[in-house]
Amino acid sequence: DVQLQASGGGLVQAGGSLRLSCAASGFTSSDHAIGWFRQAPGKEREGVACISSSDESTYYIASVKGRFTISSDNAKNTVYLQMNKLKSEDTAVYYCAADVGDCVVKAPFLGISATLGQGTLVTVSS
């Protein structure tokens, strides 16, 4: 089974930065996609970013493009989400998720069969 462990959340002031990490294990396919979702209080969960292992293609929702960067360290089986210029509306619980194959081009970037890991809370104070 795929295991995902997210970490790196915390409290940061608006305009600041955080880096989330997602340690992944248990993949049975060499091609897989890992993405980040977030869920703010009272809102639906939304896909934020995704990276495909096959060609390292990356995808972002419009509201984070240019501020967030998703990357992978294959040697460590870890995917990162570097979040810069954070805004109060980025406050949410962030989850990493994984699925076989490539990211879907449109948000939420992963299908309903994706495995979701535990979340890490990001709080941006204004």
Side-chain angles (χ1 to χ4, degrees):
D1 291 349
V2 175
Q3 304 281 335
L4 302 166
Q5 182 74 36
S7 61
L11 174 65
V12 63
Q13 289 188 330
S17 299
L18 277 176
R19 188 178 78 161
L20 305 183
S21 299
C22 176
S25 63
F27 291 112
T28 57
S29 170
S30 59
D31 288 344
H32 52 267
I34 296 183
W36 289 93
F37 287 80
R38 67 184 179 187
Q39 187 163 20
K43 294 188 177 180
E44 292 187 356
R45 189 167 61 210
E46 64 175 348
V48 175
C50 190
I51 185 166
S52 297
S53 69
S54 61
D55 60 3
E56 299 200 349
S57 295
T58 57
Y59 303 87
Y60 303 90
I61 53 172
S63 60
V64 307
K65 198 172 291 186
R67 299 188 298 122
F68 291 11
T69 302
I70 189 170
S71 62
S72 64
D73 183 335
N74 293 330
K76 296 181 179 180
N77 292 323
T78 300
V79 168
Y80 303 99
L81 186 68
Q82 178 67 43
M83 306 185 295
N84 299 328
K85 300 179 182 179
L86 283 160
K87 305 176 181 180
S88 57
E89 52 263 44
D90 294 319
T91 294
V93 177
Y94 284 71
Y95 303 86
C96 61
D99 205 355
V100 296
D102 293 325
C103 301
V104 178
V105 173
K106 292 185 178 181
F109 308 121
L110 294 173
I112 59 174
S113 61
T115 299
L116 200 67
Q118 68 174 53
T120 185
L121 177 63
V122 173
T123 304
V124 184
S125 63
S126 56

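In this text, all values refer to a predicted model and were calculated from it rather than measured experimentally. Only heavy atoms go into these numbers, but all of them, side chains included; no hydrogens, no water, no symmetry mates.
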For a 4.5 angstrom cut-off between non-hydrogen side-chain atoms, does L4 reach C96?
yes
How are the rings of Y94 and F68 set relative to one another: parallel (under 30°), tilted (30 to 60°) or perpendicular (over 60°)?
tilted
Strictly distance-based, threshold 3.5 Å: is any side-chain N or O of S52 a donor or acceptor partner for the main-chain N or O of C103?
yes
From CA spacing to verdict: side chain to side chain donor-acceptor pair (under 3.5 Å), T78, D73:
CA-CA 5 Å; T78 300; D73 183 335; over 6 Å; no
Say you draw a straight line from OG1 of T58 to CZ of F109; how long is it, rounded to the nearest 0.5 Å?
9.5 Å
Correct closest heavy-atom pair for G8 and L18 would be O-CD2, 3.9 Å
Drop me the distance from K106's NZ to C50's SG, to the nearest 0.5 angstrom.
15.5 Å
What residues form a ring-ring contact (aromatic ring centres under 6.0 Å, His included) with Y60, not counting sequence neighbours?
none
I'd like to know if the side chain of S53 reaches the main chain of H32, judged simply by a donor and an acceptor atom lying under 3.5 Å from each other, with no hydrogens or angles considered.
yes
What's the spacing between M83 CE and R19 CZ if we round to 0.5 Å?
11.5 Å
Do E46 and I61 come within less than 4.5 Å of each other through their side chains, counting heavy atoms only?
yes
Looking only at atom types and distance, does a side-chain atom of T91 sit under 3.5 Å from a main-chain N or O of V124, one as donor and one as acceptor?
yes
Flag yes if V122 and W36 sit in one hydrophobic cluster, no otherwise; membership is Ile, Leu, Val, Met, Phe, Trp, Tyr, and two members link when side-chain heavy atoms are under 4.5 Å apart.
yes
Over all heavy atoms of both residues, which pair between A98 and V2 is shortest? Give the atoms and the distance, please.
CB-CG1, 4.3 Å
R38 side, atom CZ; S63 side, atom OG - distance, nearest 0.5 Å
4.5 Å
Are V104 and V64 connected, step by step, through hydrophobic side chains (Ile, Leu, Val, Met, Phe, Trp, Tyr) whose heavy atoms are closer than 4.5 Å?
no
Correct closest heavy-atom pair for S72 and E56 would be OG-OE2, 3.7 Å
Connected to L121, directly or through other members, by ILVMFWY side-chain contacts below 4.5 Å are F37, V93, Y95, L110, L116
Identify the heavy atoms of S17 and Q82 that sit nearest to each other, and give their distance.
CB-NE2, 3.9 Å
Between V48 and Y80, is there a shared hydrophobic cluster once you connect ILVMFWY residues whose side-chain heavy atoms come closer than 4.5 Å?
no
Here the gap from D1 atom CG to T28 atom OG1, rounded to the nearest 0.5 Å, amounts to 9.5 Å
Would S54 and D102 satisfy side chain to side chain donor-acceptor pair (under 3.5 Å), going step by step from the backbone distance to the final call?
CA-CA 7 Å; S54 61; D102 293 325; 2.6 Å; yes
Interatomic distance, R67 atom CZ to L86 atom CG [nearest 0.5 angstrom]:
6.5 Å
To check you understand the geometry: which heavy-atom pair defines the closest contact between A24 and I34, and what is its length?
CB-CD1, 3.9 Å
Which atom names give the shortest non-hydrogen contact between L20 and T120, and what distance separates them?
CD2-CG2, 4.0 Å
